[in-house]
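Let me begin by presenting the structure, written as structure tokens, before commenting on it.
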Amino acid sequence: MKEEKPKSGGVDAVDRALSILSCFNAKDGKLTLTEIASRTDLYKSTALRLIESLEKAGFLIRSDGRGYTLGAELMRLGSLYSGQFKLEDRIRPVLISLVEQTGESASFFLQEGNHRVCLYREDSQHPIRDHIREGDLLALNKGAAGHVLSDCLGKAAEEIGVLLKKMPHESYGERDADTAAIAAPVFGMDDELLGAISISGPLSRFSAQRVETHKRALQKCASDLSRSLGSSIYIGC
């Protein structure tokens, strides 16, 4: 095992302690000292000293003397975060940015049964645009956002990885004969699919050159948004 080197721009001991907390995942009931040291690439002696400090602060609990579980202090902080967190506060600025970058309308969709619902929407400033309102229900099997949700729902991690290399998705004249759209998935904690973000507008404005530019902008926004919501996923090639 190779001891982790100090990282620039922060406090090394804090970085190492946080790496211990971050090495737990949803499938772990508890982790032994050996498992923690292996996952964090720390010496056992280093890991043990940090674990003792995390125990004192309530971030870890010794379990039956054979392992460690996450402590109640993390639940308290998580509860505070949940109370302060509003999905709209994260998504709305991204939609506004996409409108500014592309000139087209931007939407965020959730899957609801056999439909997708427009949860948030920012309209293009062009007088000619597609007309979707927040709360509208659209078909899940038509349109770029519908295809993104359909493709990603219920898929295993390895399948998602393959799909993401082919995104963002495009659609031309599917939902409406004169409308084009480009969409990408948005993920949250534990890389859970949250929804799809899209830009849409008249076919006449979606030339091949503009589509490539729009796809890059959408890909970056979807990836940045996913990471801000707790995901490690990067959308696209």
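Note that the coordinates shown come from a computational prediction; the quantities given were computed from them, not determined experimentally.
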At their closest point, which heavy atom of L87 faces which heavy atom of L119, and how far apart are they? CD2-CD2, 4.4 Å
Does atom CZ of R39 have more than 12 heavy-atom neighbours, drawn from other residues, nucleotides or ligands, at distances under 6.0 Å? yes
Sidechain-backbone polar pair: Q111 side chain, G113 backbone, donor-acceptor under 3.5 Å: yes
Can Y120 be reached from I96 by stepping across I, L, V, M, F, W or Y side chains whose heavy atoms are under 4.5 Å apart? no
For S124, is there any backbone N or O sitting under 3.5 Å from a side-chain donor or acceptor partner on S105? yes
Closest non-hydrogen atom pair, E170 against V211: OE1-CG1, 3.6 Å
Between L31 and C23, which heavy-atom pair has the shortest distance, and what is it? CD1-SG, 3.8 Å
Go through the side-chain N and O atoms of Q101 and S97 and say whether any donor and acceptor fall under 3.5 Å apart. yes
side-chain hydrogen bond (donor to acceptor under 3.5 Å, both in side chains) assessment of E174 paired with Y172: CA-CA 6 Å; E174 287 187 15; Y172 301 95; over 6 Å; no
Charged N-O contact under 4.0 Å between R76 and E73: yes
Rounded to the nearest 0.5 Å, how far does CZ of R175 lie from OG of S200? 7.0 Å
Hey, what do you get for CG (N141) to CG (L138), rounding to the nearest 0.5 Å? 11.0 Å
Would you say the side chain of R129 lies within less than 4.5 Å of the side chain of D123, judging by non-hydrogen atoms? yes
Partners of H214 by ring pair (Phe, Tyr, Trp, His ring centres under 6.0 Å), sequence neighbours excluded? F206
K30 with D28: basic N within carboxylate O range, under 4.0 Å: no
How long is the straight-line distance from OG1 of T213 back to CG of L218, given to the nearest 0.5 Å? 12.5 Å
Look only at the side chain of R90 and the backbone of S228, and say whether a donor-acceptor pair between them is shorter than 3.5 Å. yes
Determine, for E122 against R92, whether the closest basic-nitrogen to carboxylate-oxygen distance falls under 4.0 angstrom. yes
Which pairs pass ring pair (Phe, Tyr, Trp, His ring centres under 6.0 Å) with one or both residues in residues 134-166, sequence neighbours excluded? none
ILVMFWY cluster, L21 and F24 together (side-chain gap under 4.5 Å): yes
Correct closest heavy-atom pair for F59 and L77 would be CE2-CD1, 3.7 Å
Salt bridge K155-D151, side-chain N to carboxylate O under 4.0 Å: no
Within this structure, what is the CD1-OG distance for the pair I51 and S53, rounded to the nearest 0.5 Å? 10.0 Å
Find out whether V117 and F109 are in side-chain contact, i.e. whether some heavy atom of one side chain is under 4.5 Å from a heavy atom of the other. no
Find the distance between NE2 (H131) and OG1 (T179) and round it off to the nearest 0.5 Å. 9.0 Å
Between S223 and K220, is a side-chain contact (heavy atoms from CB on, under 4.5 Å) present by the stated rule, with each step listed? CA-CA 5 Å; S223 294; K220 185 178 188 308; 5.8 Å; no
Any sub-3.5 Å donor-acceptor pair from E35's side-chain atoms to T32's backbone N or O? yes
Tell me if a side-chain donor or acceptor on R116 pairs with a main-chain N or O of A145 at a distance below 3.5 Å. no
Check the pair M167, Q219 against side-chain contact (heavy atoms from CB on, under 4.5 Å), reporting the backbone distance first and the verdict last. CA-CA 8 Å; M167 293 188 185; Q219 177 180 311; over 6 Å; no
At their closest point, which heavy atom of A177 faces which heavy atom of L203, and how far apart are they? O-CD1, 3.1 Å
N25 atom CG, over 12 foreign heavy atoms within 6.0 Å: yes
Run the side-chain donor-acceptor check on residues 181-199: report pairs under 3.5 Å with partners two or more places apart or on a different chain.
residue	atom	partner	partner atom	Å
D191	OD1	S231	OG	2.7
D191	OD1	S232	N	3.1
D191	OD2	S232	OG	3.4

Show your reasoning for whether salt bridge (Lys or Arg N to Asp or Glu O under 4.0 Å) applies to D41 and R16. CA-CA 10 Å; D41 202 23; R16 292 180 176 185; over 6 Å; no
Just by modelled atom types, is the G146 backbone N or O under 3.5 Å from a matching donor or acceptor in the S150 side chain? yes
Please tell me if the side chains of L225 and I91 come closer than 4.5 Å, counting only heavy atoms from C-beta onward. yes
Under-4.0 Å salt bridge between R133 and D136: yes
Would a distance-only check, ignoring hydrogens and angles, find a side-chain to backbone donor-acceptor pair under 3.5 Å from S38 to T34? no
Test item: R121 side-chain N/O and I132 main-chain N/O as donor-acceptor pair under 3.5 Å: yes
Report yes if some heavy atom in the side chain of L60 is under 4.5 Å from a heavy atom in the side chain of L70; otherwise report no. yes
So, do I20 and Y68 sit near enough that their side-chain heavy atoms are less than 4.5 Å apart? no
Check for me, please, whether I36 and L48 land in the same ILVMFWY cluster - side-chain distances under 4.5 Å, paths through other members count. yes
Looking at D176 and K142, does any basic side-chain N land under 4.0 Å from a carboxylate oxygen? no
Mind listing the closest non-hydrogen atom pair of I61 and A72 along with its distance? CD1-N, 4.4 Å
